[in-house]
Amino acid sequence: MTAATHSTLFPQVPESADAVLDGLDPEQREVALALAGPVCVLAGAGTGKTRAITHRIAYGVRAGILQPTTVLAVTFTNRAAGEMRGRLRQLGATGVQARTFHSAALRQLQYFWPKAVGGALPRLVERKVQLVAEAAARCGVRLDRNELRDTTSEIEWAKVTQTVPADYPAAVAKTQRDAPRDPAELSQIYAMYEQLKRDRSVIDFEDVLLLTVGILQDRHDIAEHVRTQYQHFVVDEYQDVSPLQQRLLDLWLGDRDNLCVVGDASQTIYSFTGATPDHLLNFRTRHPNATVVKLVRDYRSTPQVVHLANGLLSQASGRAAEHRLELVSQREKGPEPSYTEYADEPAEAEGTARRIRDLIAAGVPAGEIAVLYRVNSQSEVYEQALADAGVPYQLRGAERFFDRAEVREAGVALRGAARAGGNDSLLDGAEGLPSEVRAVLSTKGWTSKPPNGSGAVRDRWESLAALVRLAEDFEQAKPGATLSDLVAELDERAAAQHAPTVQGVTLASLHSAKGLEWDAAFLVGLTEGMMPIAYAKTDEQVEEERRLLYVGVTRARFHLSLSWALSRSPGGRGGRRPTRFLNGLRPGSAAFGTRGGAGGGGGIDRGSATGTGSGGSGAAARPRRRGPVLCRVCGKTLTEAGEMKLMRCEDCPSDMDEGLYERLRQWRADRAKEIGQPAYCVFTDKTLMAIAERVPDTEGELVVIAGVGNRKLTRFGADVLDICAGRTLEPEPGAGDDDV
C-alpha cells in the first residue's frame, strides 16, 4: 500500500471500480466505500486526504452508485479545485463538478437571477478597493493604499461572518479582533460602501454568496431545483469554512445528509478571514449517525519530522487541541530536525543560505527547498543571502522586496533627499544616516512604533522598518556613510537580486505555504514576538500561531531546519528568546516547565557566530543544588553572591530582556511605595536581572531563582509572572485615586 507524494504525470486510468481502490490504505479505503449518509474525514497533514476523497467520488461514479452530474465537490482555492478535477479525470470520473464555493454560487446566481429577481445579474465589482476609497471619502476619511486594503479586508470579514455595518463594532469587541482603525469609523465606511453598491447596482465577491443564500432561502422552488441537480456534496478543508459558506452549504443540502467533509482542526490558520473549525468539530453533534474516519498515516514526512509535529500539538490547548490527530509516519527514517541558534539575523540568513547551497550540491533540487517565515518583511535578508550565495530563488505570495510599492516609493524619496543634500528641510535636525532615513521615511508611513493589526498597513510598516534597520547596519559597517552611499547600496542590492525564478528555492510566508510541501524546509526567525507574533494577545490567537508553526513543520518531507537569532543586527545585545512553542522539544529546553521529552531526539547546532553556550536557558530553571555553582555561559565556578544569583559571571554576556527588566523595576517601585518599604525589600536589582534573563513561565521556574523563595513567591509571584508573560496588571483597589 502506498500514498506516495510523487506520481507520474499521466497515470493509467483504472480499468474498473474495484481498481480505483487499489493502493488505498485501510482508512482511505473506508472513506472511499462510505458513500451514503454523512461522512466526516479527520485527515492529518500528509495523510492523503485529497487522494481519499477523489477515490471516493471516482469509486462511486465508476460503480454506478453516484451519477457524476449530481456530485458537487467544493474547496477554497482555484488551484485545489483544479487539482481535484485533474485527479478525477485520471480516475475516469468525468462530469463531476469540482469548484470553489464562490465559483459554484456564481454559476447558480447567474442562472437563477432572471427568474428570481428579473433582468440581468448586476455587474460584479472586480476591484472593490476603489469603491471603498469613495465610501471613505464620503465619510470624511482619507485612506492611503494600504489602509484601503486593510479596510477592504475588514469589510470582507464582516460580510462572511454575516455582520451588518451597525453590528460591526460589537462584533469586533466580542471577538477581540484587532481592527486596523476605529471600529465606529469602519462601521460608517462599511455602511456607505453598501449604499454606493446599491445606488450603482453592482455587487462584490461576498455578495455572490449572500445573494445566493437569499434566493435559496426565499424561493423554495429554486432551492428544490438546486437540490434535484446536486444530491451528493464533498467539502475539502472544512476547517476553513466561514459562517456564510456553512449557511450556503446547509441550503444546498436541505433536509438531506449526503455530505462528506474533510478537514483538520489543527490546520486552522485563517481565523482572521472568518474561517472557523467549529463546523468540523461540531459535525458529529449535528449528524449523530455520521461515519467518522481518521487518517493518521503520514506519507509525506519522515518519522523525525512527524515526531516534532506531534510534539508541538501535544502541548497545545483549546478545543482544536482536544481533537488533535497523532500522526504515524509511513516513510523510512531520515535526519533529525536541526535547531540552530545564531548571534544575529544576517548570520541566520547567511547560515541558512550555506546549508541550502550544500543541499543543492548534494543533489536536492532547488525547487524542492523552501525558506518559511512569519511575515513577508522577513524575506529581504534571505533574498540577499541567497543571491550572495549564488542560489536561485522565487518568492511566493509576495512581491520581491525591492519590487514592493512602498520600497520603490521609499527609494525615490531617499534618492531625492540625497540629491537635495542639506537643502532638504526634511533633514533639518537629523544627525547621522539612520536619523536622516527615519526623517525621510516618516513621510511614507514609518513611525517609531508599529501600527495595530496584521494587515497591509503592518506589512508596509515592516518593509519601511527593514529599510531603517538596513540604514542602521550600513552606518555601523561604514561609519560616516552618507545618504547617497545608502542609495547606491540599495541600487546594488536590488540589481543583485534579479535571480532566476525557475526551479529556485521558494521563499514564502507560513500562511502562503499551506497546502504545499518540499523535500527540505527551513523555518527561520523563530523568536518570541515573531512566533507567536507580538500582536497575538489572546489564548486563542496564540494557539493559532502554534498551529501555524505546525503547518510549517509538516511542509517538510525529509530535511527540516528550525532557527532563530539572539539579536537583530551584528553586535546587538542578544536578548531574544527562541519561540516558546519549542520548549520541551528542542534539546536543552525541557526545564522550561513544558512536557519534557515530548519531542525527543534531534541535535542542536549553534550558529558559528553565536557567543552563547549550550547551557544557557536550560540551567535557568534547574532546582538549586549543593556544591559548586557554575556559570551557565562559560562554566566557571562562581563564588560571588551576586554572580551566583545570576548564575553567570559578571563579565559573561547577558541575555536579559531589557524591556522586561525596566517593567519589573517600575513595578517594584510602585509596590515598594504601596507597602512603605525600600525597593530592595521587594526584590534586589540582581534578582530582577535574573528574572529578566530567565523569563519564568511558572511558579516553579520563578521560585528557584535566588532571592525569590516561597514567601516572596506568595506575595509577589502572580504579578511577576503576569509581567513576564506580557499581561497587563489589574490595578490594586484604590490605586490611582490621586491621579489627575
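- Side chain of Asp388 to backbone of Ala385: no donor-acceptor contact under 3.5 angstrom is found.
- In this structure, Arg576 is not positioned above the aromatic face of Trp564 in the sense of NZ or CZ being under 6.0 Å from the six-membered ring centre and within 45° of the axis.
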For Glu134 and Arg138: C-alpha separation, side-chain torsions, deciding distance, then whether salt bridge (charged side-chain N to carboxylate O under 4.0 Å, His left out) applies. CA-CA 6 Å; Glu134 184 176 343; Arg138 292 199 178 192; 3.2 Å; yes

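- The pair Glu156-Lys159 fails the salt-bridge criterion, with no side-chain N (NZ, NE, NH1 or NH2) lying under 4.0 Å from an Asp/Glu carboxylate O.
- Side-chain contact between Leu510 and Met531: present, with at least one pair of heavy atoms (C-beta onward) separated by less than 4.5 Å.
- The structure places CZ of Phe522 at 10.5 Å from CG of Leu562, a figure rounded to the nearest 0.5 Å.
- Residues Leu372 and Trp518 have side chains in contact (heavy-atom distance under 4.5 Å, counting atoms from C-beta outward).
- The two atoms that bring Ala418 and Ser484 nearest to each other are CB-OG, 3.6 Å, heavy atoms only.
- Phe474 CZ to Ser569 OG: the interatomic distance, rounded to the nearest 0.5 Å, is 15.0 Å.
- Between Glu341 and Arg586 there is no salt bridge, since no side-chain N of the basic residue sits under 4.0 Å from a carboxylate O of the acidic one.
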Given side chain to side chain contact (heavy atoms under 4.5 Å, CB included), test Leu507 with Tyr373 step by step and report yes or no. CA-CA 8 Å; Leu507 297 179; Tyr373 36 76; 3.6 Å; yes

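- Within a 6.0 Å radius of CD in Glu540, other residues, nucleotides and ligands contribute 12 heavy atoms or fewer.
- Under the 3.5 Å distance criterion, the side-chain polar atoms of Gln378 are matched with a main-chain donor or acceptor of Val375.
- A salt bridge links Arg438 with Glu472: the distance from a Lys NZ or Arg NE/NH1/NH2 to an Asp or Glu carboxylate oxygen falls below 4.0 Å.
- Side-chain atoms of Glu147 come within 3.5 Å of backbone atoms of Asp144 as a donor-acceptor pair (strictly under, hydrogens ignored).
- Not a single donor-acceptor pair under 3.5 Å links the side chain of Glu348 to the backbone N or O of Val524.
- Taking the six-membered ring for Trp and thresholds of 30 and 60 degrees, Tyr168 and Tyr190 have ring planes more than 60 degrees apart, a perpendicular arrangement.
- Residue Lys537 comes nearest to Gln541 through the heavy atom pair N-OE1, 2.7 Å, listed as atom of the first residue, atom of the second, then distance.
- Distance check: Asn78 CG to Thr100 OG1 gives 5.5 Å after rounding to the nearest 0.5 Å.
- Although no hydrogens or angles enter the test, the distance criterion places no donor-acceptor pair under 3.5 Å between the side chain of Glu368 and the main chain of Pro365.
- A salt bridge does not link Glu380 to Arg469: none of the charged nitrogens lies less than 4.0 Å from a carboxylate oxygen.
- For the atom pair CG of Asp358 and CZ of Arg354, the computed distance is 9.0 Å after rounding to the nearest 0.5 Å.
- Using a 4.5 Å cut-off on side-chain heavy atoms (C-beta onward), Thr340 and Arg355 make contact.
- Counting only heavy atoms from C-beta outward, the side chains of Tyr382 and Val391 never approach each other to under 4.5 Å.
- Defined by atom type and a distance below 3.5 Å, a donor-acceptor pair is present between the side-chain atoms of Ser512 and Ser509.
- Minimum heavy-atom separation, Asp240 to Thr268: OD1-CA, 4.4 Å.
- In summary, Lys444 and Glu406 do not engage in a salt bridge, as defined by a charged side-chain N under 4.0 Å from a carboxylate O.
- At distances below 3.5 Å, not a single donor-acceptor pair connects side-chain atoms of Ser187 with backbone N or O atoms of Pro183.
- A donor-acceptor contact shorter than 3.5 Å is absent between the side chain of Ser271 and the backbone of Thr276.
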Step by step, work out the side chain to side chain contact (heavy atoms under 4.5 Å, CB included) result for Arg200 and Arg123. CA-CA 9 Å; Arg200 297 174 187 181; Arg123 180 174 60 86; 5.9 Å; no

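- The CG atom of Leu549 lies 6.0 Å from the CG atom of Leu526; values are rounded to the nearest 0.5 Å.
- Smallest separation of non-hydrogen atoms from Met530 and Arg374: O-CG, 3.1 Å.
- Here the side chains of Leu486 and Glu436 are not in contact, with every heavy-atom distance at 4.5 Å or above.
- Heavy atoms from other residues, nucleotides or ligands lying under 6.0 Å from CZ of Arg142 number 12 at most.
- Between Arg181 and Asp150 there is no salt bridge, since no side-chain nitrogen of the basic residue lies less than 4.0 Å from a carboxylate oxygen of the acidic one.
- Listed for the Asp485 side chain is a donor-acceptor partner under 3.5 Å among the backbone atoms of Thr482.
- A donor-acceptor pair shorter than 3.5 Å cannot be found between the side chains of Gln666 and Arg663.
- Residues Thr579 and Pro532 are in side-chain contact: their nearest non-hydrogen atoms beyond the backbone lie under 4.5 Å apart.
- Between the side chain of Glu185 and the backbone N or O of Cys139 there is no donor-acceptor pair closer than 3.5 Å.
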Apply side chain to side chain contact (heavy atoms under 4.5 Å, CB included) to residues Lys514 and Glu237 and explain how you reach the verdict. CA-CA 11 Å; Lys514 177 74 167 64; Glu237 302 287 2; 3.2 Å; yes

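- Residues Val695 and Cys724 come closest through the heavy atom pair CG1-O, 4.0 Å.
- At least one donor-acceptor pair closer than 3.5 Å links the side chain of His511 to the backbone N or O of Ile269.
- With 3.5 Å as the limit, one finds a donor-acceptor pair spanning the side chains of Ser379 and Glu383.
- The CD1 atom of Ile360 sits 4.5 Å away from the CD1 atom of Ile369 when rounded to the nearest 0.5 Å.
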Under the side chain to side chain contact (heavy atoms under 4.5 Å, CB included) criterion, do Lys197 and Tyr193 qualify, and how do the steps go? CA-CA 6 Å; Lys197 286 200 290 102; Tyr193 168 76; 3.4 Å; yes

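- Here the closest non-hydrogen pair linking Thr527 and Ala565 is CG2-O, 3.5 Å.
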